[in-house]
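Input: a single structure, listed below in structure tokens.
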Amino acid sequence: FRFVYAISDFLYFVLFYLIRYRKKVVETNLRNSFPEKTGKEIQDISRAYFHYLCDMTLETFKTLTISKIEALKRCRFHDTTLLAQLHQEHKSIILVLGHFGNWEWGGSSMSLDTDYQLYVIYHPLKDKKFDRLIYNMRTRFGTRLIPMKNTLRDMIKNKNEVNATAFIADQTPSNPANAYWTTFLNQDTPVFEGTERIAMMLKYPVVYVSVKRVKRGFYEIYTEMLVENPAETKNGEITERFTRRLEEDIRSQPEIWLWSHKRWKHKRPEVLNK
């Protein structure tokens with residue numbers, strides 16, 4: 001890992017100071033999200049973010065060779081009581097999280113340190129060789145992947161199995177007109193409704209997952225019940241709860257969220273303003 005982080009330090013210098021990769025995107029997102037912060041504070045978070053982005057990228061590829069013992073040492077659950085109780089009750093669950101902390105390591109620890117069979121919703125990549133590399137990396141410790149287009153079909157097919165299905169739900173919807181719109185980090189933001197709709201349909205409890213960075217190369221996973229009975233909620237309630245909880249995490253450790261993603265590229269459709 002010393003070698004990994006030495007490479008990360010070099011990549012950070014190249015990315016931030018030479019290539020200046022999406023630097024304007026990051027700074028614009030930060031300024032709009034934290035209007036109360038000074039220019040220096042925004043710059044400090046920006047630098048910390050790019051440094052962390054390099055760390056996380058190399059940590060993710062280290063999953064290809066890391067041992068089970070090392071994986072659990074570096075990304076461990078703060079408490080597994082909730083998940084153990086739900087599994088003991090033979091309840092399949094939906095895990096909902098954002099691009100916060102090392103979500104890839106979080107998936108590995110979930111498969112290694114709980115009794116749940118973990119499924120992760122993912123987008124297959126166009127590059128077949130790279131897609132196979134990522135697929136092997138993510139499934140190395142027993143996690144199974146579900147292509148996004150097959151999400152509901154496969155979840156229904158797996159209903160006889162006690163499992164956990166993870167949704168990374170802070171991505172930008174391709175069709176903002178069909179999204180749930182809310183205020184997220186002081187900005188008008190479209191959010192996927194698919195997680196909520198599936199939870200209500202299948203009546204699976206929804207558990208919020210947070211992968212917090214403790215120090216360089218080490219994380220703790222926190223879980224909490226977000227919605228125990230989805231069928232009893234109102235439209236938008238699950239999505240709103242997730243958004244507020246993720247926002248709270250981002251404010252506590254802003255440098256470990258994915259700021260280089262163009263999260264706010266869509267504007268609310270006029271028809272939704274009426």
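Computed over heavy atoms, backbone and side chain alike; hydrogens, waters and symmetry mates excluded.
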Self-check item: Presence of salt bridge, E70 and R74, under 4.0 angstrom
Solution: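 Looking at E70 together with R74, the answer is yes, because their closest N to O distance falls below 4.0 Å.
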
Quiz item: So does R244 pair up with E247, basic N to acidic O under 4.0 Å?
Solution: yes

Exercise. Would you check, one step at a time, whether the test side chain to side chain donor-acceptor pair (under 3.5 Å) holds for T189 with W181?
Key: CA-CA 6 Å; T189 308; W181 283 82; over 6 Å; no

Under 3.5 Å, side chain of [X] to main-chain N/O of [Y], donor-acceptor pair present?
X: T165; Y: I94; answer: no
X: E196; Y: G194; answer: no
X: N136; Y: R132; answer: yes
X: D131; Y: L125; answer: yes
X: T151; Y: M148; answer: yes
X: N163; Y: Y116; answer: no
X: T38; Y: E41; answer: yes

Tell me whether [Y] is reachable from [X] by hopping between hydrophobic residues (I, L, V, M, F, W, Y) whose side-chain heavy atoms are closer than 4.5 Å.
X: L145; Y: L97; result: yes
X: L112; Y: Y219; result: yes
X: F100; Y: V96; result: yes
X: V14; Y: F3; result: yes

Quiz item: So, for F61 and W105, is the gap between ring centers shorter than 6.0 Å?
Solution: no

Exercise. Give a yes or no on whether the ring-centroid distance for W259 and Y21 is below 6.0 angstrom.
Key: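 No - the distance between ring centres of W259 and Y21 does not fall below the 6.0 Å cut-off.
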
Atom pair [atom1]/[atom2] of [X] and [Y] - distance to nearest 0.5 Å:
X: M56; Y: H99; atom1: CE; atom2: NE2; value: 8.0 Å
X: R20; Y: K23; atom1: CZ; atom2: NZ; value: 4.0 Å
X: M155; Y: N150; atom1: CE; atom2: CG; value: 12.5 Å
X: I42; Y: F34; atom1: CD1; atom2: CZ; value: 7.0 Å
X: Y12; Y: T57; atom1: OH; atom2: OG1; value: 14.5 Å
X: T223; Y: L83; atom1: OG1; atom2: CG; value: 4.5 Å

Does [atom1] in [X] sit with more than 12 non-hydrogen atoms of other residues, nucleotides or ligands closer than 6.0 Å?
X: Q88; atom1: CD; value: no
X: F13; atom1: CZ; value: no
X: R76; atom1: CZ; value: no
X: L18; atom1: CG; value: yes
X: E228; atom1: CD; value: no

Exercise. With side-chain contact (heavy atoms from CB on, under 4.5 Å) as the test, would you mind laying out the steps for T233 and N229 before giving the verdict?
Key: CA-CA 7 Å; T233 62; N229 299 303; over 6 Å; no

Exercise. Would you kindly check if the NZ (Lys) or CZ (Arg) of R245 is within the cone defined by 45 degrees around the ring axis of F242 and under 6.0 Å from the six-membered ring centre?
Key: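 No, R245 does not sit over the ring of F242.
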
Quiz item: Cationic tip of R47 within the cone over Y17's six-membered ring, i.e. under 6.0 Å and within 45° of the normal?
Solution: no

If you look at every heavy atom in [X] and [Y], which pair is closest and at what distance?
X: E59; Y: Y5; result: OE2-OH, 2.6 Å
X: R22; Y: H261; result: NH1-CA, 4.2 Å
X: G107; Y: T143; result: O-OG1, 3.6 Å
X: V162; Y: K91; result: CG1-O, 3.8 Å
X: N186; Y: N32; result: CB-O, 3.6 Å
X: I168; Y: W103; result: CD1-CD1, 3.5 Å

Do [X] and [Y] come close enough that some side-chain heavy atom pair is under 4.5 Å?
X: L82; Y: M225; answer: yes
X: D113; Y: T80; answer: yes
X: S33; Y: F184; answer: no
X: R251; Y: L185; answer: yes

Practice problem: Kindly determine whether T239 and F192 satisfy side-chain contact (heavy atoms from CB on, under 4.5 Å), including the steps that lead there. | Solution: CA-CA 8 Å; T239 304; F192 279 117; over 6 Å; no

Exercise. Check step by step if side chain to side chain donor-acceptor pair (under 3.5 Å) holds for E240 and Y180.
Key: CA-CA 9 Å; E240 196 66 42; Y180 174 84; 2.5 Å; yes

Practice problem: Please determine, by modelled atom types, if D188 and W264 share a side-chain donor-acceptor pair under 3.5 angstrom. | Solution: no

Quiz item: Using a distance-only test with no angle check, is there a side-chain donor-acceptor pair under 3.5 angstrom linking E27 and Y49?
Solution: no

Quiz item: Is there a side-chain contact (heavy atoms from CB on, under 4.5 Å) between Q171 and R263 once you walk through the steps?
Solution: CA-CA 7 Å; Q171 302 178 61; R263 184 65 181 90; over 6 Å; no

Practice problem: Using ring-ring contact (aromatic ring centres under 6.0 Å, His included) as the criterion, list what pairs up with F10, not counting sequence neighbours. | Solution: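 Listed in chain order: nothing, the list is empty.
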
Please list, one pair per line, the donor and acceptor atoms closer than 3.5 Å that link side chains of residues 199-215 to other protein atoms, with sequence neighbours excluded.
from: Y208; atom 1: OH; to: D249; atom 2: OD2; distance (Å): 2.7
from: S210; atom 1: OG; to: D249; atom 2: OD2; distance (Å): 2.8
from: R213; atom 1: NH2; to: D55; atom 2: OD2; distance (Å): 2.8

Exercise. Test R140 against Y135 for side-chain contact (heavy atoms from CB on, under 4.5 Å), laying out the working first.
Key: CA-CA 8 Å; R140 184 168 172 241; Y135 185 94; over 6 Å; no

Exercise. Show your working on side chain to side chain donor-acceptor pair (under 3.5 Å) between H51 and D9 and close with a plain yes or no.
Key: CA-CA 7 Å; H51 214 160; D9 290 341; 2.8 Å; yes

Self-check item: Candidate pair E220 and Y222, rule side chain to side chain donor-acceptor pair (under 3.5 Å), full reasoning
Solution: CA-CA 7 Å; E220 278 195 349; Y222 292 80; 2.7 Å; yes

